[in-house]
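The structure appears below as structure tokens.
Naming convention: chains lettered A, B, ... in sequence-line order (proteins, then strands); numbering from 1 in each chain. Since this is a predicted model, take the numbers as computed values, not measurements. Basis for what follows: all heavy atoms, side chains included, without hydrogens, waters or symmetry-related copies.
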Number of protein chains: 2
Amino acid sequence: MKSNFNEKQIQILEVAEVLFAEKGFDGTSIRNIAKVAKINVAMVSYYFGSKERLLESLIVYRTSDLKNQLDNLLQEDLEPIDKINKLIELYINRINSNRGIYRILHFEFTSKKREQNLQAFSELKKGNLKSLETIIEEGQKKGIFRKDVIIPLITPTILGTFFHFHMNKPFFENLLNLKTEDLYNNYIKTNLTKHIQQTIKALLIYES
Amino acid sequence: MKSNFNEKQIQILEVAEVLFAEKGFDGTSIRNIAKVAKINVAMVSYYFGSKERLLESLIVYRTSDLKNQLDNLLQEDLEPIDKINKLIELYINRINSNRGIYRILHFEFTSKKREQNLQAFSELKKGNLKSLETIIEEGQKKGIFRKDVIIPLITPTILGTFFHFHMNKPFFENLLNLKTEDLYNNYIKTNLTKHIQQTIKALLIYES
DNA sequence: GTTTAAATTAAACGCTTGTTTAAATTTGTT
DNA sequence: AACAAATTTAAACAAGCGTTTAATTTAAAC
């Protein structure tokens, strides 16, 4: 898919992503973005109209191809539990390599004041949930998954675990001795991913 | 435990809590706090020194008695799994009835720029983890809990699930038809709490 | 090469920010 | 009642905010 933004716009968007993620939307000024991106303050208004619209553009720019990735996964020929594991891996990989925008989404779109812009984001989440539902129902029909799980609460467990870990990065770096960025990333890719997969598997398959 | 803050200070703190939670630290101005609390803008500086120190005071004011609650739980005469369930309930109840401050902690103390104030908060988290560890090791000794779980990752699953649900409140209100505040609260108290307990139990007890 | 449109700039706009000042008021003590 | 200390106030401060303006430079079209 070709992007609707030109070079200059992308340059601004990517600086904005870093700064919004680092210091929040309110904590970042247009002058701050302009300085880092080495452009004039007026360029943001010129290209995006306003600071608020810059944020919207950023979200469009970064989340437009997730749905495709999920659809591809659904059509693979795998056992339900393997699909779940792959979905967890996909989520974590994706969020982990787009930390900036997901941090921004997490921080800015949970507050009341931005509820009006929520629609596109909300549709994205509903689509994601639908994909998960499809996989789980398939597993239930096959008699592999238990039927008393509340499917909409599984996403919070997957994403919430990851986010809570990542949002408390300094704490866990210290606690688990993850001194370098590589060690930290590796811990996410292996231990944290495995923990989440293990947790969801236990939840779906366990029979008391 | 008696509070170190006088009436006027508490009045300011509680308004600040509401506004910080609602609009974020950067999104809330001292004049905004002053207007809602019906005091003069200068009073914040007079009583707390600065806006930043107001935030620190707020955290002290709201988190000073959690440790006691956890210690009491540890000394109860219960099976490990019941202690875990009670701990989950305690966490959720506590966070749920102090949503403001936990939202603020979650939002403000995960960004790089406030890392220096993190120490007191970090100690709190370490203490909480220690309590959880004690319970799980007890269960492992008794042969009830599996031994290949990564204990520090259980807290992210418990709290992360809750937070992710709560941070996406508008989405889940819509999805699950929780039209009133009462319905929403009740869903947390019953279904969400049960989901988390079920998840952690499955994780701890499941044997492949 | 001239004309037209797009991009970029510096400067200014009015407004809000956190904090300080110094004067006024209230409260407590003798 | 008189004094001192604590509290509260309105006003001012400099600095930063998002956005707009109008002039200038660059690029494209003819």
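Neither side chain, A:Arg62 nor A:Tyr102, offers a donor N or O lying under 3.5 Å from an acceptor on the other. B:Asn128 and B:Lys67 are not linked by any side-chain donor-acceptor pair at a separation below 3.5 angstrom, with hydrogens and angles left out of the test. Residues B:Tyr61 and B:Gln9 have side chains that never bring a donor and an acceptor to within less than 3.5 angstrom of each other. Under the 3.5 Å distance criterion, with hydrogens and angles disregarded, no donor-acceptor pair is assigned to the side chains of B:Thr157 and A:Thr199.
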Under 3.5 Å, sequence neighbours excluded: what are the donor-acceptor pairs made by side chains of residues 36-50 of chain A?
from, atom 1, to, atom 2, distance (Å)
A:Asn40, OD1, A:Ala42, N, 2.9
A:Ser50, OG, A:Arg53, N, 3.2

Table please: side-chain donor-acceptor pairs of residues 75-84 of chain B below 3.5 Å, with sequence neighbours left out.
from, atom 1, to, atom 2, distance (Å)
B:Glu76, OE1, B:Lys86, NZ, 3.2
B:Lys83, NZ, B:Leu74, O, 2.9
B:Lys83, NZ, B:Glu76, O, 3.4

Side-chain donor-acceptor contacts of residues 170-179 of chain A below 3.5 Å, not counting sequence neighbours, with atom names and distances?
from, atom 1, to, atom 2, distance (Å)
A:Asn174, OD1, B:Lys126, NZ, 3.4

One character per nucleotide, please: for nucleotides 8-24 of chain D, 5' to 3', B when the base has a protein heavy atom closer than 4.0 Å, S when only the sugar-phosphate does, - otherwise.
BBB-B----BBBB----
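If one axis is set at each end of the helix from C:dG1-D:dC30 to C:dT27-D:dA4 from five pairs, those axes are 10° apart, to 10°.
Every residue two or more places apart in sequence or in another chain was checked for a ring pair (Phe, Tyr, Trp, His ring centres under 6.0 Å) with A:Tyr91, and none qualifies.
Note: NZ (A:Lys35) to P (C:dA10) measures 13 Å, nearest angstrom. Between the CD atom of A:Gln11 and the C1' atom of C:dA7 there is a distance of 13 Å, rounded to whole Å.
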